[in-house]
Amino acid sequence: MTAYLLAAADSAPGDPARRIVVPLDAAGLPAGRGTEVTAAQLPALVAAFQDNDPACRWVWEDTRVSYPELLRGGAEAVRCHDLGLSAQILRGAVPQAPAPLIPPRPAWISEEAPSQQDSLFDAPKTKGSTPQQLAAEYQRQLAALPQGPDGAKLRLLMSLDSAGALLAAEMNHDGLPWDRATHEALLERELGPRVPPGSRPARLADLAEQLKLLLDAPRMNPDSQPELLRALRRAGIDTASTRKWDLMEVKHPVIEPLMRYKKLQRLFTANGWGWLDAWLRDGRFHPDYVVAGVVTGRWASHGGGALQIPHDVRSAVRADPGHVLVVADASQLEPRILAAISADRELAQAARGTDLYQAIADRAFEGDRDLAKVAMLGAMYGGTTGPSAAMAPRLAATFPRATAFLEEAARTGERGGIVRTWLGRHSPAPGQAGGAATGPGGALGAPGGGGDPGPDLSDDAGFSDAEALAARRSSEAQARSFGRFTRNFVVQGSAAEWAECWMASLRTRLRRVAPRSRQVFFLHDEIMVHAHQDEAAAVQEAMTASAEEAARLLFGDIPVDFPVSIGQAQDYASAK
DNA sequence: GCTCAACGCGCC
DNA sequence: AGGGCGCGTTGAGC
């Protein structure tokens with residue numbers, strides 16, 4: 001298999017941007033001078049290379065920069081090696097390796113203002129990497145992979161993220177078919193006619209007036225959480241917050257209309273007419289996907305909340321005439337992944353067949369499926385309270401290897417350690433993780449080892465005993481929080497690898513068996529294909545076959561099933 | 001005028 | 001005292 005490096009060529013100021021394609025040998029070294037062409041000529045050249053060499057791989061710095069230009073020119077890459085994503089994988093996995101020769105990739109790239117980005121193809125004004133630098137980085141990455149199975153897994157992980165990046169660019173290019181009329185009819189039915197910016201639609205205005213009356217708070221703004229909370233308290237409602245969850249416990253005439261207000265307000269602000277104006281182009285929604293944008297390796301997205309489309313709004317996702325939406329999701333993916341990565345034979349047995357939770361229930365919970373589900377989810381998320389905690393011992397007795405695997409991951413995190421997914425993606429070090437998982441210790445210092453109570457701060461000037469105790473409590477709470485993070489990381493991250501493998505396998509398969517059908521959406525454990533009606537059956541078969549291939553590629557021949565449930569319909573809401 | 005944190009809720 | 005996200009609003013602070 002040949003690899004070709006695709007990079008921006010040096011060009012003199014004022015010259016049109018040029019691209020260069022350099023063949024690489026097996027070691028990743030340039031094998032020749034390469035071919036230099038204009039941007040407009042590039043898609044045809046890429047297609048010609050692939051016709052000659054259908055198994056070739058394109059090596060480039062950032063798929064999000066290089067690939068859209070090819071897609072716009074009508075060319076599709078068969079496979080690629082994304083140097084940025086691969087460097088990101090290596091950075092965590094092979095800390096002793098030399099530093100990358102290219103700068104870290106930006107979190108995301110704005111399509112609206114590409115000229116303001118330091119992107120690869122903005123040459124010559126920006127300091128883009130040279131072909132020589134990129135070839136050297138490719139060589140460095142191949143050399144940094146350890147020998148043996150760990151290296152092979154990391155290599156597979158790089159391939160998967162790279163394939164994901166190709167698909168992400170393709171799905172962004174094609175867009176998700178979206179019917180504005182259906183969406184607008186839904187908005188009008190729920191909210192009333194569209195109103196000018198700055199005012200509330202009729203239904204929201206009515207409900208707001210009702211809330212003010214019921215709470216006897218004529219000046220209250222229900223969109224202001226502090227004002228709402230004060231008004232609720234004044235009305236004698238004892239609630240910890242204005243959260244839906246807390247309010248459900250309360251008995252008061254205001255609760256029902258308040259819940260309705262919150263739901264409609266959410267629809268209005270997150271997926272209302274403004275959303276349509278901002279994100280819909282020519283009947284398609286074009287979200288920016290960020291491959292491995294989540295620390296666990298899951299995809300993230302920017303713009304329009306692509307991964308949080310509410311169920312009610314999904315009816316607006318509609319197939320074109322002559323097409324159908326085929327939607328598949330992996331059933332109970334995470335516990336099945338747990339069975340595979342922990343090699344728990346009993347859990348693997350339970351994972352044969354389509355209803356894993358019932359099988360767990362039959363083994364450990366006298367057939368109580370709900371209890372089994374709560375217990376299993378609690379074990380994977382680190383639940384420490386309620387029924388999930390109460391059922392933990394029974395789960396541990398029945399599935400000792402799986403529970404020990406999770407406990408080990410949690411203890412590693414509590415010590416401030418690092419865990420890895422099945423293919424070797426590493427968790428961030430404590431304090432490196434973005435968001436809530438800030439790691440144990442924090443500014444007060446991580447606990448040194450398991451059981452270490454931490455430094456005695458009471459000797460330090462300015463700390464009272466009470467402050468020292470509070471600091472220690474906070475430090476221990478942070479350690480437990482990081483333990484829950486690493487506990488979940490190993491499962492969520494490995495599941496993301498399986499799903500990306502499933503998705504990449506399907507991408508290859510569809511080009512063979514359903515060339516007029518396109519993958520248009522990917523949501524953690526769910527794939528949507530906009531299928532030509534003549535190909536819908538072939539798409540379904542491909543989805544099942546790809547799931548089997550993903551399991552085999554990741555885990556080999558193990559006795560764990562990964563069933564996918566598939567539905568098809570004209571719209572997304574009906575297809576699930 | 002801007003940025004940022006907190007809150008709350010949508011998805012898995 | 002349950003993991004991971006994105007995003008809209010409000011309100012505080014600069």
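From a predicted model like this one, the values you see are computed outputs, not experimental measurements. Residue numbering restarts at 1 for every chain, and letters A, B, ... go by the order of the sequence lines. Side chains included, hydrogens not; waters and symmetry mates left out as well; all remaining heavy atoms used.
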Next on the checklist: I want to verify a distance call: between B:dC12, C:dG6, C:dG3, whose nearest atom is closest to the A:Gln492 side chain?
Outcome noted: C:dG3
Item to check | Nearest-nucleotide pick for A:Pro310, side chain only, options being B:dC11, C:dT9, C:dC5 | outcome: B:dC11
What is the distance, rounded to the nearest whole Å, between atom [atom1] of [X] and atom [atom2] of [N]?
X: A:Phe485; N: C:dC5; atom1: CZ; atom2: C1'; value: 12 Å
X: A:Arg243; N: B:dC7; atom1: CZ; atom2: P; value: 9 Å
X: A:Trp279; N: C:dG6; atom1: CH2; atom2: P; value: 13 Å
X: A:Leu228; N: B:dA6; atom1: CG; atom2: C1'; value: 15 Å
X: A:His524; N: B:dG10; atom1: NE2; atom2: P; value: 16 Å
X: A:Gln265; N: B:dC7; atom1: CD; atom2: C1'; value: 14 Å
X: A:Leu377; N: B:dC12; atom1: CG; atom2: C1'; value: 12 Å
X: A:Tyr261; N: B:dC9; atom1: OH; atom2: C1'; value: 14 Å

Checklist entry - When the ring planes of A:Trp422 and A:Phe555 are compared, do they come out parallel, tilted or perpendicular, using 30° and 60° as the limits? => result tilted
Next on the checklist: Can you tell me how the ring of A:Trp178 sits relative to the ring of A:His183, calling it parallel under 30°, perpendicular over 60° and tilted otherwise?
Outcome noted: tilted
Hey, does [X] reach any base, or is it just sugar-phosphate, or nothing, if we go heavy atoms under 4.0 Å?
X: A:Gly386; result: nothing
X: A:Ser388; result: nothing
X: A:Gly378; result: nothing
X: A:Gly293; result: nothing
X: A:Arg266; result: base
X: A:Glu227; result: sugar-phosphate
X: A:Gln225; result: sugar-phosphate

Checklist entry - Taking the P atom of each, how far is B:dA5 from C:dG2, in whole Å? => result 25 Å
Checklist entry - Hey, which of these two, A:Val374 or A:Ala306, hits DNA chain C nearer its 5' end, going by closest nucleotide? => result A:Val374
At under 4.0 Å, does any side-chain N or O of [X] touch on OP1 or OP2 of [N]?
X: A:His311; N: B:dC12; answer: yes
X: A:Thr384; N: C:dG2; answer: yes
X: A:Ser224; N: C:dG11; answer: yes
X: A:Lys262; N: B:dG10; answer: no
X: A:Thr242; N: B:dG8; answer: yes
X: A:Asn221; N: C:dT10; answer: yes

Checklist entry - Can you tell which of A:Val295, A:Val419, A:Thr412 makes a side chain to side chain contact (heavy atoms under 4.5 Å, CB included) with A:Ser427? => result A:Val419
Would you mind checking if [Y] and [X] are paired as a salt bridge, meaning a charged N to carboxylate O distance below 4.0 Å?
X: A:Arg266; Y: A:Glu190; answer: no
X: A:Arg411; Y: A:Glu408; answer: yes
X: A:Glu227; Y: A:Arg230; answer: no
X: A:Asp277; Y: A:Arg194; answer: yes

Item to check | A:Tyr381 over C:dG2, stacked by centroid distance under 5.5 Å, angle under 30° | outcome: no
Next on the checklist: Taking donor-acceptor contacts at under 3.5 Å, does the side chain of A:Arg298 reach the base of B:dC12?
Outcome noted: yes
Item to check | Donor-acceptor pair present, A:Gln308 side chain and C:dG6 base, under 3.5 Å | outcome: yes
